[in-house]
Amino acid sequence: MYWADELAAQARGPQVVNDSKTPSGTVHVGSLRGPVIHDAVWRALRERGVEARFLYGVDDLDAMDAAALLTADSVDRFMGVPLAHVPPPPGSSAASYARHFVGELFLPTFRRLGIEPEFYWMSEVYGSGRMDPYLRLALDRAERVREIYARVSHVEKPAGWLPVQVICEQCGRVGTTIALDWDGRTVRYECRPDYVSWAHGCGHAGRVAPFGGRATLPWNLGWAAKWSLFGVTIEGCGKDLATAGGSRERSDAIAREVFEREPPRNVMYEFLNVGGRKMSTSRGTGAAAHAIAEVVPGELLRFLFLRPRPHQAIEFDPAGDTIPRLFDEFDRIAAATAGREVKGELPPDHDRLFAHSLVDRSADAATHAAAFRPTFGHLALLLQIPGVEIPARMAAEKGAALGELELAILAERTRAAAAWLATYAPDRARIEVRREGLPAAAAELGEDQRVYLGALALAAETAPPGSGDGWQALLFEVANRAAIPAGRAFGALYVAFLGRTNGPRAGWLLASLEPAFVVARLRAAAGWRPGPAG
RNA sequence: GGGCCCGUAGCUCAACGGUAGAGCGGGGGACUCUUAAUCCCUAGGUUCAGGGUUCGAAUCCCUGCGGGCUCACCA
């Protein structure tokens, strides 16, 4: 069974699927795995007739901790301040940094992937007082919380430490405060200059009732509190959190022992790797989610995350074969779903996988599966050949006029292929006339090939063809006369002009170049050198 | 040190209890206006190793080896 259906089949009663994200930092493609997985689980539940909601929390009261994202002069002032209270970047009309970030990067990407959860903002949830019961519970049971940290994660909190993060009344930072004394109504807190290394508190100390948005719960408690508040029954997490003694285990224990509720069903998901290493923006191996989304259409991106089971790491190298291969595998699954014969093994319930890859969840999967899809690699090649009418060419390949859906797919793939060629495509996928000089590979040309090129130069100089057709005819004619097999003749041309042994239709390629350049290059490749003057 | 994931043809992976497969690469061939595209043929891999369960294991269990990630600061 398709993994999302397997999971859905185990659910009993109404379900609440939840996921969250702190809106800071660049989001690389790998971060999209969680949202796609949760969306698929939610869709699978609904499709089984299970009552289910899909929630997505924006943790915008978390502290700004990425200095790189702030302008130099605002680092001192805003590091450690809740993201909801940090002003947006210059020129943005958003109400806050968090709103800007989510609005600019998150929502558009989600929309392209057909992910439509119910969003909630933690700044609003805290502000409304709905978190107050959990804050109170956490404070009343602070001793137990400390014990859990020590037992589960071997983390020793300082004596008197309380599980709340007060927002400093003087400087507005949340990341720099420590709360120390709970009297049942208020806590005493200190905003310390050296509490964390990445932000500096102002030194203020005071007492405050930590409710109604004046304080937040630390990460693990906040997570567990959300489970209780929203009745979450399924929430996966990345494997970094799912490790023993890690965040998830801590939060699970807090849910059980502090908030007295069974934690949701976990779905551990693996990372997206580049070259066997975890994708990392700081290491320079990250590919920004929105950048990849430009090149890879939504259904393909969904497919990327849905094809492997969640616990399987995904090897993703945007500069390698990953992207074209992804298209091909998707097309194969589409063909199988449409009932066509395909090679190779199929994943379980490939039709379900296909349906879940579609961005529009109400779309008719059978219609989409049957639609004509141009091969990505082929499209990328055609795009580089002068004078190719792609829609007409595709209609010819299909053998019939393209329908509305097929034209839309073609347009999307054409855009994707163009973007791919402009960014990640490896050189061998690129066709480029080597204008700077004779490619080194020309040294490998055989004698018969040189003779052919020389003869061609002579013929072209005498009577230069004026069209692709004309060139093409000449190429064959000369090949015939020189008694060289067409394969070797054309191979020589590609080497001379492109530095590779194959390429697009040669006649049209040559027709797109100036005749003088063509003749000169043919001669050079043939081994002729301009003779000494006189 | 603890945990999790992975280890299948050169590469990327599929199959997840029922006679080991695909794509790409490599090799060979077909198409006498295409060499791109397309199509056909070809890889014979002790499924990391060793035990165990089973009528039957790449697939389940145990151990070891190798690789990766992660936790012990914050979210």
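Quick note on labels: first sequence line is chain A, next is B, and so on, each numbered from 1. Computed from a predicted model, the values in this text were never measured in an experiment. What you see below is based on every heavy atom in this structure, not just the backbone, and it leaves out hydrogens, waters and symmetry mates.
Spacing between B/rC48 and B/rU42 at atom P, rounded to whole Å, works out to 26 Å. Of the C1' atoms belonging to B/rC13 and B/rG7, the separation is 13 Å, rounded to the nearest Å. Using atom P as the reference point in both B/rG10 and B/rU46, the two lie 9 Å apart (nearest Å). For the P atom pair drawn from B/rC4 and B/rA58, the interatomic distance equals 25 Å after rounding to whole Å. Here, B/rG25 and B/rG68 have their P atoms 29 Å apart, quoted to the whole Å. Distance check on atom P: B/rA20 versus B/rU47 gives 11 Å, rounded to whole Å. B/rC6 and B/rG44: their P atoms are spaced 30 Å apart (whole Å). Nucleotides B/rA22 and B/rG45, compared at atom C1', are 14 Å apart to the nearest Å.
In this structure, A/Arg99 satisfies the cation-pi test against A/Trp121, with its NZ or CZ atom closer than 6.0 Å to the six-membered ring centre and inside 45 degrees of the ring normal. Judged by a 6.0 Å distance limit and a 45° cone about the ring axis, A/Arg250 is positioned over the six-membered ring of A/Tyr149. The cationic group of A/Arg352 does not satisfy the cation-pi geometry with A/Trp3, failing either the under 6.0 Å distance to the six-membered ring centre or the 45° limit from the ring axis.
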Identify the pairs formed between an N or O of the protein and an N or O of nucleotides 3-8 of chain B at a distance under 3.5 Å, and give each distance.
{"from": "B/rG3", "atom 1": "O2'", "to": "A/Ala244", "atom 2": "N", "distance (Å)": "3.4"}
{"from": "B/rG3", "atom 1": "N3", "to": "A/Thr243", "atom 2": "OG1", "distance (Å)": "3.4"}
{"from": "B/rC5", "atom 1": "O2'", "to": "A/Glu270", "atom 2": "OE2", "distance (Å)": "3.3"}
{"from": "B/rC5", "atom 1": "O2'", "to": "A/His311", "atom 2": "O", "distance (Å)": "3.3"}
{"from": "B/rC6", "atom 1": "OP1", "to": "A/His311", "atom 2": "NE2", "distance (Å)": "3.4"}

Distances under 3.5 Å between protein N/O atoms and the N/O atoms of nucleotides 72-75 of chain B, please, pair by pair.
{"from": "B/rC74", "atom 1": "OP1", "to": "A/Lys157", "atom 2": "NZ", "distance (Å)": "2.7"}
{"from": "B/rA75", "atom 1": "O3'", "to": "A/Asp62", "atom 2": "OD1", "distance (Å)": "3.1"}
{"from": "B/rA75", "atom 1": "O3'", "to": "A/Asp62", "atom 2": "OD2", "distance (Å)": "2.5"}
{"from": "B/rA75", "atom 1": "O2'", "to": "A/Thr22", "atom 2": "OG1", "distance (Å)": "3.1"}
{"from": "B/rA75", "atom 1": "O2'", "to": "A/Asp62", "atom 2": "OD2", "distance (Å)": "3.3"}
{"from": "B/rA75", "atom 1": "N6", "to": "A/Ser247", "atom 2": "OG", "distance (Å)": "3.3"}

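A heavy-atom distance below 4.5 Å is not found between the side chains of A/Tyr134 and A/Lys226. Looking at heavy atoms from C-beta onward, A/Thr322 lies out of side-chain contact with A/Tyr424 at the 4.5 angstrom threshold. At least one side-chain heavy atom of A/His85 sits less than 4.5 Å from a side-chain heavy atom of A/Ile167.
B/rC71 atom P lies 21 Å from atom CZ of A/Arg151, rounded to whole Å. Whole-Å rounding puts the A/Glu6 CD to B/rC16 P distance at 10 Å. Here the C1' atom of nucleotide B/rC16 and the CG atom of A/Leu353 are 16 Å apart, to the nearest Å. We find that CG of A/Leu272 is positioned 11 Å from P of B/rC13, with the value rounded to whole Å. We find that CG of A/Leu346 is positioned 13 Å from P of B/rA22, with the value rounded to whole Å. A/Ile323 places its CD1 atom 15 Å from the P atom of B/rC13, with the value rounded to the nearest Å. Taking atom NE2 on A/His350 and atom P on B/rA22, their separation rounds to 18 Å, with Å as the unit. Atom CG of A/Leu383 and atom C1' of B/rA36 are 14 Å apart (whole Å).
In this structure B/rC39 sits in a base pair with B/rG29, meeting the Watson-Crick or G-U test at under 3.5 Å. Of the nucleotides present, B/rU12 is the one that pairs with B/rA22 by Watson-Crick or G-U wobble criteria, both distances under 3.5 Å. In a base pair of the Watson-Crick type (N1 to N3 plus N6-O4 or O6-N4) or a G-U wobble (N1-O2 and O6-N3), with each distance short of 3.5 Å, B/rU53 is matched with no nucleotide. With both pairing distances under 3.5 Å, B/rC69 is matched to B/rG3 as a Watson-Crick or G-U wobble pair.
Residue A/Arg248 is classed as having no contact, given no heavy-atom separation below 4.0 Å to the nucleic acid. Using a 4.0 Å heavy-atom cutoff across all strands shown, A/Pro348 reaches sugar-phosphate atoms only and no base atom.
A/Ser251 and A/Asn220 are linked by a side-chain donor-acceptor pair at a separation below 3.5 angstrom, with hydrogens and angles left out of the test. If you check the side chains of A/Tyr2 and A/His356, you find a donor sitting under 3.5 Å from an acceptor. Side-chain contact, A/Ser31 with A/Lys21: no donor N or O sits under 3.5 Å from an acceptor N or O. When only modelled atom types and interatomic distance are considered, A/Ser123 and A/Asp60 share a side-chain donor-acceptor pair under 3.5 Å.
Using a 30° and 60° split on the angle between ring planes, A/Phe303 and A/Phe330 fall in the perpendicular class, above 60°.
Of the two residues contacting RNA chain B, namely A/Gly246 and A/Arg309, the nearest-nucleotide position lying further toward the 5' end is that of A/Arg309.
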